Amino acid sequence: MAASPAYGEDKGGASSLGEPEYGHDPASGGIFSSDYKRHDDLKEMLDSNKDSLKLEAMKRIVAMIARGKNASDLFPAVVKNVACKNIEVKKLVYVYLVRYAEEQQDLALLSISTFQRGLKDPNQLIRASALRVLSSIRVPIIVPIMMLAIKEAASDMSPYVRKTAAHAIPKLYSLDSDQKDQLIEVIEKLLADKTTLVAGSVVMAFEEVCPERIDLIHKNYRKLCNLLIDVEEWGQVVIINMLTRYARTQFLSPNQNESLLEESAEKAFYGSEEEDTKEPKAEAASLAKRKPYVMDPDHRLLLRNTKPLLQSRNAAVVMAVAQLYFHLAPKAEVGVIAKALVRLLRSHSEVQYVVLQNVATMSIKRRGMFEPYLKSFYIRSTDPTQIKILKLEVLTNLANETNISTILREFQTYIRSMDKDFVAATIQAIGRCATNIGKVRDTCLNGLVQLLSNRDELVVAESVVVIKKLLQMQPAQHSEIIKHMAKLTDNIQVPMARASILWLIGEYCEHVPKIAPDVLRKMAKSFTNEEDIVKLQVINLAAKLYLTNSKQSKLLTQYVLNLAKYDQNYDIRDRARFIRQLIVPTEKSGALNKYAKKLFLAQKPAPILESSFKDRDHFQLGSLSHLLNAKAVGYQELPDWPDEAPDPSVRNVEVPEWTKCTSREKRKEKAEKPFYSDSDGESGPTESADSAVPHAEPESVSEESGSSSSSSSSSGSEEEEEEEEEGSGEQSEDKEEEEKRPKRKDKEGSRKDQWGEQSLSPEGGCGTGGSASRAVLMGLCLWGCTYRAVPMQVCYQSCPHAAVPWGHWGCPHRAVTHQSSVNPFSLNPAVTPPPPQPIPSSSIISTSLVTDLEGLTLTDTSLTPALLSPAFGAVRTYELLHRMAGEGLSVEYCFSRRPFPGDPHMVAVHIQISNNTDAEVKSLRVSEPKLLSGMRIQEFPEIERLAPGDTANVVMGIDFCDSTQAANFQLCTHTRHFYVSIQPPVGELMAPVFMSENEFKKEQGKLTGMSEITEKLTLPEKCRSDHAIVQQVTSAANVGRVPCGADNEYRFAAKTMTSGSLVLITLEQREGAVAQLTVNSEKMVIGTMLVKDIIQALAQ
Amino acid sequence: MIHSLFLINCSGDIFLEKHWKSVVSQSVCDYFFEAQEKAIDVENVPPVISTPHHYLISIYRDKIFFVSVIQSEVPPLFVIEFLHRVADTFQDYFGECSETAIKDNVVIVYELLEEMLDNGFPLATESNILKELIKPPTILRSVVNSITGSSNVGDTLPTGQLSNIPWRRAGVKYTNNEAYFDVVEEIDAIIDKSGSTVFAEIQGVIDSCIKLSGMPDLSLSFMNPRLLDDVSFHPCIRFKRWESERVLSFIPPDGNFRLISYRVSSQNLVAIPVYVKHMISFKENSSSGRFDVTIGPKQNMGKTVESVVMTVHMPKAVLNMNLTATQGSYTFDPVTKVLTWDVGKITPQKLPNLKGLVNLQSGAPKPEENPSLNIQFKIQQLAISGLKVNRLDMYGEKYKPFKGVKYITKAGKFQVRT
């Protein structure tokens, strides 16, 4: 085929300009022109100065591409024109570039600079198109450039550029999935965008890159719902599908009550047909247990805002809304979608096909919905067969006692159709109607029996099969039909039908004792002329008759078996031999003989006639997977409704005042009660009050703010108490609140004291340390002790070595130790003052305090008092340069979590360099750091020489600017340069900070809304102890423990290195293994990543 | 989403391919050809085909298969709807969506496809935006282009995409400002053997042709909006206004577009404008049958029924037909077995009739089913549902536009069972 593209080309050259030639007869010439020669003229044209020639050449090249012909050898000539002034030439060059860049990566790089220039253009549309082409070039080497471009474009002024950035995200992700984390950051940012132009595209990116990160949606949920109607139609589809999944995880099923009611109602209706599986009592009980359901306002918002889209002209949008309603709406409201779906049935046949598939699934579950539109599913003779069969399926699903007569009348016309596949499907459908609706079973049977005389083999076979199935259900009542069918054996010639009839007579020979032997007699007569399939059934019939009625049929059976013995077909001979051994008792025949009757006349279960769409609704409707009834690649499962609604406040976006905040927390608790009450079965009155309070406006519950401030300050343990003494306790609390309200306006210190007292009072009234200064540890102050920054260090068992003196790490000078020495990376300070042994005043407090102290590690006094030195878990080391890649030089690094002297914003990175070569390495240094803007590196002083086998330890400081972007630099020796990069785990971008419980709460109150990230997790077995939790958290992130009054809650605080933003971590252990992790930080990205890291650490 | 697109003609040639991501080999179409072979009829090719590595979603339009290659989960309707939009765009640009038109304009087609999808996700599908980006070919322009060397690609980048009303381009100017609305209603019906109506329903659309300068804001109201039971809108229509006042309020796109489509509520009885008397029979054991059909007007509200055409798919056993028509002309295609009778206008005084003999294949069994008759007709100046436009107001612009409303009733899927 090498010459094949030539035809088009040569002709194209000869033809008039502006009309690229196309699709030639291969014989028309050009075979003799060589490839090179042919492309030469194109190359010449591309190299010329005239735009019109270039355009002509590009047009011909694009025509070749369109035809699927190879034009890759023109790449260099084409790429040159990427900066061409003529816009059409430029566009065609882009088309070419995107098509072939993947194959010619090196050459493609030549064009990159043009696009990079375009990215800076003042015209937004040029910026956008530059980004579009740049991101479409699938060359892995430009991933960093693309990443940078996307990040920049994501914060572009123009929404159109931002939209393009959103489009570029999946492209980059498909090119290099390692960029996921960074891309998620961009997605998060773009999700917050408020323009309709961006919304659809970014949700698309979200779906392709991180559909599992449902937490990113919380804050944007309401915005997306409100924007939805103005988003362009394709974006609407994607957003609606995503929100369906989101809603399934966040809200409660609106049908939990109705589903039960409905079930029981339906059972009463069709009671005669179906067996009750559940005990009615249990049902009633479960009904009574249900609480009145109140729909989350956000759930309602989604339903309300999607409904108008049913009116869209775009079938995909209508389908998306329909599936959303089907999966999310209360049963009573689902009906609205039927009308819109029926409207789609007038569209193109492909649309009909997809819609009918979905309607078929829906109509099984919600039959009532489509009943008014029954006639819209009537079949026209001009419909394609696949549509006919789907319509038939829907009609069958919709059949019930009231409409069955009309449906059957329709079916009668269908049976006479010329389309035999369709007729067969109709017969099946009649069978299903007959099984489902007892009233018409006889009518259907009679109708089907008449069909047995049809001329078409397919029809007869199908009817016999269906009749067989129907009779199997109630054979006793239908001996008449069996008799009738027996008579038919005289007329019917279709072998399949004959065979089926014989099987039926054999199976139910006891119901037709007189006729069966007669049939066998007739069949024996014609045995030799029958088809094989019929012969086998004759043998079967004979065997069964022999067993039930051996007196009349013994001789006949033997005759048939003898005939079969000499049959031409070995299957039949085998069968005859086998059956003879089984049924005819001889001396030799063994035990099987006794069981022959059981073997042949066992009760056979009736085949179940049900829709092939029965359980398809576990796939999200409207999806490809649903259509194929198989999981497609990339399909996201539609989750089941949660049993308890997750916290609805995660979707709140307003940033509340500090005073409001506490009230919100309380409100949240209140609002959740009806949901949780499911499990703990609270008393009636509180519930009704709760459900009456809509939890949307914080103001509406402002009168409760008093109680909330007290309860939010109190810890979990107190809450339990509160619950215990609910009835009386609440009133007294209210009074307390009254007293406290004025005090809240007081200065923080005094208020905190109040809380300190309050939170402890139930536990023994030892809150005496209210006057202690703020900077003091809460736990300590409660004893009335005034420990202030006591240097202490709790040793963990996981740090086995205690050898290297602090001095090594304190200064950035290099320290060379021999390799055999103790690995300094697993360091633990030797000079640790013993932890204080406090004398507990009350045993309850002591336990919680000890745990508090465990998390605390105070360092030497040289530090600023507020900054705590890290709690050392096992220090992780990372590889910077493998010894293979480094040609014998191996470099590892770790984050020692010590402050970097000289610059508090820098993260100290300890680097251990080992020389495994047999030569000396000289002048080892850092050079040419490639850093993102704002990042800085403090290099370690040059190592002049490193002897073979030696190891050097150095410290360098990097200011990562609070981002997890890698710092790239070169490690140089006297001979080589190695490109290396250090990427910090998010937990290393911060330093612990010392604060009291009250301070913590205060700061936390400021960091709600957008800056709060909450995640539920399950703690593994070995990670439930206080010790383990604290250790895991501190190992995942450089944070300091904040004391906490409750023993099921852990708090940690840190400040980011560069900006000093607070990072507050709360881990609340609920019953058992369930825990909730909350991170508050104004650096949302750090917060989200930290949550991930901590969860991962805890899960290990 | 959409990975690649192949355009295939009826004889199985892939005459255009376009890839939005990595290149997918043409051989993936073999699965499609396989399915096509199995389906026998083009209509029965399943729109979604699953292959080991890809999914193929296809549509069939104007004798061309548009086969798109998908690699992961995507709502099938999303793709189908998009492909139809592509076909509509071709139709809009080239006047027809045919293999020759596409081949003749392959560069424009390629440029269009490039703009319509970015990485497989729809980017610009509004015809107004596309026309700003890529000008449709006209004879005049191609002449000018060949002389001046200018191109079909707009040198200004589209502003429509940036605005809140992406369907309308800025700076539209006309010397004659006109707004036309065609109310077209179609009757879908199934009439059974005895002449009684099994199912009937009216579906309507309002197609508009708006040539107004500037940014006009129109509102269209109906005398009897309650007739409209189920409506779907062009995105330009303000939904809230419709919900509250039943008024269509919109800033129109420029040029031709479909404003709404609607269904008339099913409570209203549908007046069937024609009746058909038929007598079709095949004799047992003889190779002939009789065919006799008369069409007459009924409930036509004083309007004439025009352009009546009847098509019948005769059973396979029919060899030929010897008929005489009292009006119009008939053709019978012995290969496809389709009988077409072009009746024309029905005059109540003399009812059109078609009758004669049917020649059957000798020896073949008598056809069991009588074929059903598909009728097409048209009635001018009448919306059969009774829908009437009340008034059209324009805001936002000073000039006085010329306004016009036209009503037509047609047969939709109108079938008479015999």
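Just so you know, these numbers come straight off a predicted model, no measurement behind them. The chains referred to below are lettered A, B, ... by the order of the sequence lines, with proteins before strands, and numbering in each begins at 1.
- Counting heavy atoms from C-beta on, the side chains of A/Glu88 and B/Glu111 come closer than 4.5 Å.
- Annotation: the span from A/Ile65 atom CD1 to B/Leu16 atom CG amounts to 11.0 Å, rounded to 0.5 Å.
- Interface check for chain B: of the options A/Val633, A/Asn358, A/Val342, the most heavy-atom pairs under 4.5 Å are formed by A/Val633.
- Heavy-atom pairs under 4.5 Å with chain B peak, among A/Gly200, A/Pro170, A/Ser381, A/Gly634, at A/Ser381.
- Taking B/Glu17, B/His234, B/Lys193, B/Met1 one by one and counting their heavy-atom pairs under 4.5 Å with chain A, the maximum is reached by B/Glu17.
- Taking 4.5 Å as the limit, every side-chain heavy atom of A/Glu207 sits out of range of all side-chain heavy atoms of B/Glu73.
- Contact of A/Asn241 with chain B is made through the side chain alone, with heavy-atom distances under 4.5 Å.
- For chain A, no part of B/Asp41 is nearby; none of its heavy atoms comes within less than 4.5 Å.
- Contact annotation for A/Ser417: both backbone and side-chain heavy atoms come within less than 4.5 Å of a heavy atom of chain B.
- Interface remark: A/Lys631 contributes backbone atoms only to the contact with chain B (heavy atom separation under 4.5 Å).
- The contact between A/Val237 and chain B is made entirely by side chain atoms (from C-beta outward), counting heavy-atom distances below 4.5 Å.
- Looking at A/Gln620, neither its backbone nor its side chain comes within 4.5 Å of chain B, counting heavy atoms on both sides.
- Side-chain contact between A/Glu350 and B/Tyr60: present, with at least one pair of heavy atoms (C-beta onward) separated by less than 4.5 Å.
- In terms of heavy-atom proximity, A/Leu624 sits nearest to B/Val74 at CB-O, 3.4 Å.
- Neither the backbone nor the side chain of A/Val317 comes within contact range of chain B, judged by heavy atoms closer than 4.5 Å.
- A/Arg346 places a side-chain heavy atom less than 4.5 Å from the side chain of B/Glu186.
- Side chains of A/Lys375 and B/Ile190 form no contact here, defined as non-hydrogen atoms less than 4.5 Å apart.
- Interface remark: A/Ser312 contributes backbone atoms only to the contact with chain B (heavy atom separation under 4.5 Å).
- Proximity to chain A (any heavy atom under 4.5 Å) is restricted, for B/Asn374, to the side chain, taken from C-beta onward.
- Listed options B/Asn119, B/Asp118, B/Val79, B/Ile80 were ranked by heavy-atom pairs under 4.5 angstrom with chain A; first place goes to B/Asp118.
- In terms of heavy-atom proximity, A/Arg67 sits nearest to B/Gln26 at O-NE2, 3.9 Å.
- Only the side chain of A/Tyr353 comes within contact range of chain B, judged by heavy atoms closer than 4.5 Å.
- If you measure heavy-atom distances from A/Thr195 to chain B, you find no contacts under 4.5 Å at all.
- Heavy-atom distances place no part of B/Ala87 under 4.5 Å from chain A, backbone and side chain included.
- Residue B/Ile260 does not touch chain A at all, counting heavy-atom pairs closer than 4.5 Å.
- Contact tally against chain A (heavy-atom pairs below 4.5 Å) for B/Ser372, B/Ser72, B/Gly120: the top residue is B/Ser72.
- Only the side chain of A/Val355 has a heavy atom closer than 4.5 Å to any heavy atom of chain B.
- One finds the CD atom of A/Gln311 at 15.0 Å from the OH atom of B/Tyr262 (value rounded to the nearest 0.5 Å).
- Counting heavy-atom pairs closer than 4.5 Å to chain A, the top residue among B/Asn44, B/Val23, B/Asp13 is B/Asn44.
- Heavy-atom distances place the side chain of A/Gln352, and not its backbone, under 4.5 Å from chain B.
- When side chains are defined from C-beta on, A/His348 does not count as touching B/Ile59, because their heavy atoms never get closer than 4.5 Å.
- Remark: B/Glu81 does not engage A/Arg313 in a salt bridge, criterion side-chain N to carboxylate O under 4.0 Å.
- For A/Ile379, the part sitting under 4.5 Å from any heavy atom of chain B is the backbone (N, CA, C, O) and nothing else.
- Put simply, OG1 on A/Thr382 and NE2 on B/His313 are 7.0 Å apart, with the number rounded to the nearest 0.5 Å.
- Residues B/Glu114 and A/Arg132 are in side-chain contact: their nearest non-hydrogen atoms beyond the backbone lie under 4.5 Å apart.
- Contacts between A/Glu102 and chain B at a heavy-atom distance below 4.5 Å involve the side chain alone, from C-beta outward.
- Neither the backbone nor the side chain of B/Ser25 comes within less than 4.5 Å of any heavy atom in chain A.
- A/Lys307 NZ: 12 or fewer foreign heavy atoms inside a 6.0 Å radius.
- In this structure, chain B has heavy atoms under 4.5 Å from both the backbone and the side chain of A/Met418.
- Distance check: A/Tyr96 OH to B/Tyr110 OH gives 12.0 Å after rounding to the nearest 0.5 Å.
- Counting heavy-atom pairs closer than 4.5 Å to chain B, the top-ranked of the candidates A/Lys171, A/Met319, A/Glu103 is A/Lys171.
- Per-residue heavy-atom pair counts under 4.5 Å with chain B were compared for A/Ser201, A/Gly622, A/Ser625, A/Pro308, and the maximum is reached by A/Pro308.
- With respect to chain B, the highest number of heavy-atom pairs below 4.5 Å among A/Val98, A/Leu92, A/Asp230 belongs to A/Leu92.
- With chain B as partner, the option from A/Val89, A/Leu628, A/Ile387, A/Ile229 having the largest number of non-hydrogen pairs under 4.5 angstrom is A/Leu628.
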Under the criterion side chain to side chain contact (heavy atoms under 4.5 Å, CB included), I'd like the reasoning laid out for A/Ser376 against B/Phe199: C-alpha separation, chi angles, the key distance, then a yes or no. CA-CA 8 Å; A/Ser376 302; B/Phe199 165 77; 4.0 Å; yes
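- Applying the ring-ring contact (aromatic ring centres under 6.0 Å, His included) rule to A/Trp234 yields the partners B/Phe78, B/Phe82; only residues at least two apart in sequence or on another chain are considered.
- The candidate from B/Glu126, B/Arg263, B/His19, B/His84 with the greatest count of non-hydrogen atom pairs under 4.5 Å with chain A is B/His84.
- In this structure, A/Tyr378 OH and B/Asp192 CG are separated by 10.5 Å, a value rounded to the nearest 0.5 Å.
- Between A/Arg343 and B/Ser232, the closest side-chain pair of non-hydrogen atoms falls below 4.5 Å.
- Highest contact tally toward chain A, considering only B/Lys316, B/Lys18, B/Arg85, is held by B/Arg85 [criterion: heavy-atom pairs under 4.5 Å].
- Heavy atoms closer than 4.5 Å to chain A are found nowhere in B/Trp242, neither backbone nor side chain.
- Under the ring-ring contact (aromatic ring centres under 6.0 Å, His included) criterion, B/Phe239 pairs with no residue at all, not counting sequence neighbours.
- Both the backbone and the side chain of B/Phe121 come within contact range of chain A, each with at least one heavy atom under 4.5 Å from a heavy atom of that chain.
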